[in-house]
**Student:** 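Please find one structure pasted underneath; my questions will follow.
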Amino acid sequence: MKVLRINDYRRTRELVEPSVVAVGFFDGVHKGHQHVILKAKEIAEQTGEKWGVMTFDPHPSVVLKGVSNARYLTPLPVKEKLIEDLGADYLFIVPFTKELASLSPKRFVDEFFAGLRISHVVAGFDFSFGHKGKGSMEIIDELADNQFSTTTVKKVEESAEKISSTRIRHLLDAGEISKVNELLGRPYEVRGTHSVDGVIDIPSYYHLPLEGMYQANAEEETVTVTIRQNQIFLDESLSKEGEEINIAFLEKL
């Protein structure tokens, strides 16, 4: 997978072939996101084109609301790996800046879709873009002016409720990890570094589950971990000071 950070769309344009692209922030790459992403893959397989994903970094709230401690279900390196595993040819990373947020919907479309040789845009029904989010999937075809075609993916639900990153965050805050994993389609993971006395230091940008004890996978073993004061505690016998470790949560105990 070719990862392209878009600082100048004109330069990036020279590095890519026409492609079908799923666009969204995709924090969590949950089942709803996967439905959008795999739709792009399906269309590309039908047309014989490359396909990819467009995402943004950092979260818009950091730029628009001055949030200094944004937390993610999937920090960018994790998101990259998950998208690569789905088989994408391209990952377009658009830096979210005040300048980007001020672009008119038409200019956004011309530069970041048509300007990157994207032949078909796939997005969820609620995707918005351009100044104050005035661009939407309802008007994108008009803005595209026949430069590319589009597909809008309807709301993906589970138990009559939309599968969303916000819903998953609320479930994490309630410690409902089994439900989180169901909506993600995989165990919820965080990556940290072994410290001392069985403490795993977790970067502050991760959204940790509710404090308490959990069954988890770590170092290919099923273990019990405790979350307390934004730290994870693991049996000292498994602790290897200074080494990184993945913690995949299975259920709350």
Side-chain angles (χ1 to χ4, degrees), residues 1-57 59-60 74 76 79-80 82-84 86-97 99-156 162-165:
M1 182 177 74
K2 185 179 288 187
V3 180
L4 301 151
R5 193 169 185 90
I6 316 302
N7 295 309
D8 184 337
Y9 77 91
R10 298 175 188 85
R11 292 182 180 179
T12 304
R13 180 184 177 88
E14 303 304 316
L15 303 176
V16 297
E17 299 177 40
S19 62
V20 180
V21 171
V23 59
F25 193 78
F26 299 131
D27 187 29
V29 194
H30 53 61
K31 285 182 176 179
H33 294 151
Q34 292 169 38
H35 195 73
V36 176
I37 293 169
L38 293 177
K39 185 63 178 178
K41 181 178 183 179
E42 175 190 330
I43 293 170
E45 288 174 345
Q46 293 170 354
T47 62
E49 294 177 291
K50 301 284 189 182
W51 76 279
V53 173
M54 178 180 290
T55 190
F56 304 87
D57 180 63
H59 192 278
T74 46
L76 187 57
K79 191 190 298 185
E80 285 185 24
L82 291 170
I83 291 170
E84 183 176 26
L86 291 173
D89 298 298
Y90 300 128
L91 175 59
F92 297 102
I93 302 172
V94 179
F96 197 94
T97 62
E99 290 72 23
L100 181 77
S102 69
L103 290 183
S104 69
K106 175 60 176 171
R107 187 174 170 191
F108 183 96
V109 160
D110 288 345
E111 294 186 7
F112 290 96
F113 294 155
L116 293 172
R117 306 182 72 190
I118 294 172
S119 62
H120 192 97
V121 171
V122 180
F125 72 100
D126 54 353
F127 174 67
S128 62
F129 54 91
H131 184 53
K132 294 185 177 180
K134 291 181 178 178
S136 69
M137 295 307 287
E138 292 182 354
I139 65 170
I140 192 171
D141 288 330
E142 178 184 345
L143 297 173
D145 195 22
N146 296 315
Q147 296 178 94
F148 55 86
S149 52
T150 67
T151 295
T152 301
V153 177
K154 296 179 181 180
K155 180 166 56 176
V156 179
K162 179 187 174 185
I163 299 176
S164 69
S165 301

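FYI, the numbering just counts along the sequence from 1.
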**Student:** Out of H59, H33, H35, which residue meets the ring pair (Phe, Tyr, Trp, His ring centres under 6.0 Å) rule with F26?
**Tutor:**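 Of the listed options, the one satisfying the test is H33.
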
**Student:** With sequence neighbours left out, what residues match E111 under salt bridge (charged side-chain N to carboxylate O under 4.0 Å, His left out)?
**Tutor:** R107

**Student:** Please give me the minimum heavy-atom distance between V20 and E49, naming the atom from each residue.
**Tutor:**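 Looks like CG2-OE1, 3.6 Å.
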
**Student:** Taking atom CG of L82 and atom NZ of K79, what is their separation to the nearest 0.5 Å?
**Tutor:** 10.0 Å

**Student:** Is it the case that atom CG in N146 sees more than 12 heavy atoms from other parts of the structure closer than 6.0 Å?
**Tutor:**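 At most 12 heavy atoms, drawn from other residues, nucleotides or ligands, come within 6.0 Å of this atom.
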
**Student:** What is the distance from atom CD1 of I6 to atom CG of L100, rounded to the nearest 0.5 Å?
**Tutor:**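 So the CD1 of I6 and the CG of L100 are separated by 11.5 Å.
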
**Student:** Would you mind listing every side-chain hydrogen bond (donor to acceptor under 3.5 Å, both in side chains) that reaches into residues 13-22, with sequence neighbours excluded?
**Tutor:**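 Counting only pairs at least two positions apart or across chains, no side-chain hydrogen bond (donor to acceptor under 3.5 Å, both in side chains) contact touches residues 13-22.
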
**Student:** Which value, rounded to the nearest 0.5 Å, describes the distance between E84 atom CD and E80 atom CD?
**Tutor:** 8.5 Å

**Student:** Between K50 and V16, does the side chain to side chain contact (heavy atoms under 4.5 Å, CB included) criterion hold? Intermediate values first, please.
**Tutor:** CA-CA 9 Å; K50 301 284 189 182; V16 297; over 6 Å; no

**Student:** Closest approach of A114 and Q147, non-hydrogen atoms and distance?
**Tutor:** CB-OE1, 3.3 Å

**Student:** What heavy-atom pair brings S149 and H120 nearest, and what distance separates the two atoms?
**Tutor:**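 It is OG-ND1, 2.6 Å.
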
**Student:** Could you measure the distance from the CZ atom of F56 to the CG atom of L76? Nearest 0.5 Å is fine.
**Tutor:** 12.5 Å

**Student:** Which pair of non-hydrogen atoms, one from D27 and one from T74, has the smallest distance, and what is that distance?
**Tutor:**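 So the minimum-distance heavy-atom pair works out to OD1-N, 2.9 Å.
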
**Student:** Within the structure provided, determine whether L143 and F129 are in side-chain contact (heavy-atom separation under 4.5 Å).
**Tutor:** yes

**Student:** Apply the test side chain to side chain contact (heavy atoms under 4.5 Å, CB included) to residues V94 and M54: give CA-CA distance (whole Å), side-chain angles for both, the deciding distance (0.1 Å), then the verdict.
**Tutor:** CA-CA 7 Å; V94 179; M54 178 180 290; 3.8 Å; yes

**Student:** Any idea which heavy atoms bring P105 and G135 closest together, and the distance?
**Tutor:** CG-N, 3.5 Å

**Student:** Is F148 close to V121 at the side-chain level, that is, under 4.5 Å between some pair of heavy atoms?
**Tutor:** yes

**Student:** Which distance, rounded to the nearest 0.5 Å, do you find between the CZ of F125 and the OG1 of T152?
**Tutor:** 10.5 Å

**Student:** Do K39 and T151 have side-chain N/O donor and acceptor atoms under 3.5 Å apart?
**Tutor:**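 No, no side-chain donor-acceptor contact under 3.5 Å.
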
**Student:** Roughly how far, to the nearest 0.5 Å, is CG of L4 from CG of L116?
**Tutor:**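 Here the rounded value is 8.5 Å.
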
**Student:** Answer yes or no: does atom NZ of K106 have more than 12 heavy-atom neighbours from other residues, nucleotides or ligands under 6.0 Å?
**Tutor:** yes

**Student:** Work out which heavy atom in G52 is nearest to a heavy atom in A40; give both atom names and the distance.
**Tutor:** O-CB, 4.5 Å

**Student:** Does D110 reach the side chain of D145, with side-chain heavy atoms less than 4.5 Å apart?
**Tutor:** no

**Student:** Is the distance from the ring center of F108 to that of F113 below 6.0 Å?
**Tutor:** yes

**Student:** Using side-chain heavy atoms (C-beta onward) and a distance below 4.5 Å, is D89 in contact with K2?
**Tutor:** no

**Student:** Are F127 and V122 close enough that some pair of their side-chain heavy atoms sits under 4.5 Å apart?
**Tutor:**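 No, every pair of side-chain atoms sits at 4.5 Å or beyond.
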
**Student:** Backbone N or O of L86 within a donor-acceptor pair of the K41 side chain at under 3.5 Å?
**Tutor:** yes

**Student:** Per the side-chain hydrogen bond (donor to acceptor under 3.5 Å, both in side chains) rule, what does the pair list look like for residues 128-144, sequence neighbours excluded?
**Tutor:**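 Non-adjacent pairs meeting side-chain hydrogen bond (donor to acceptor under 3.5 Å, both in side chains): D141-T150.
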
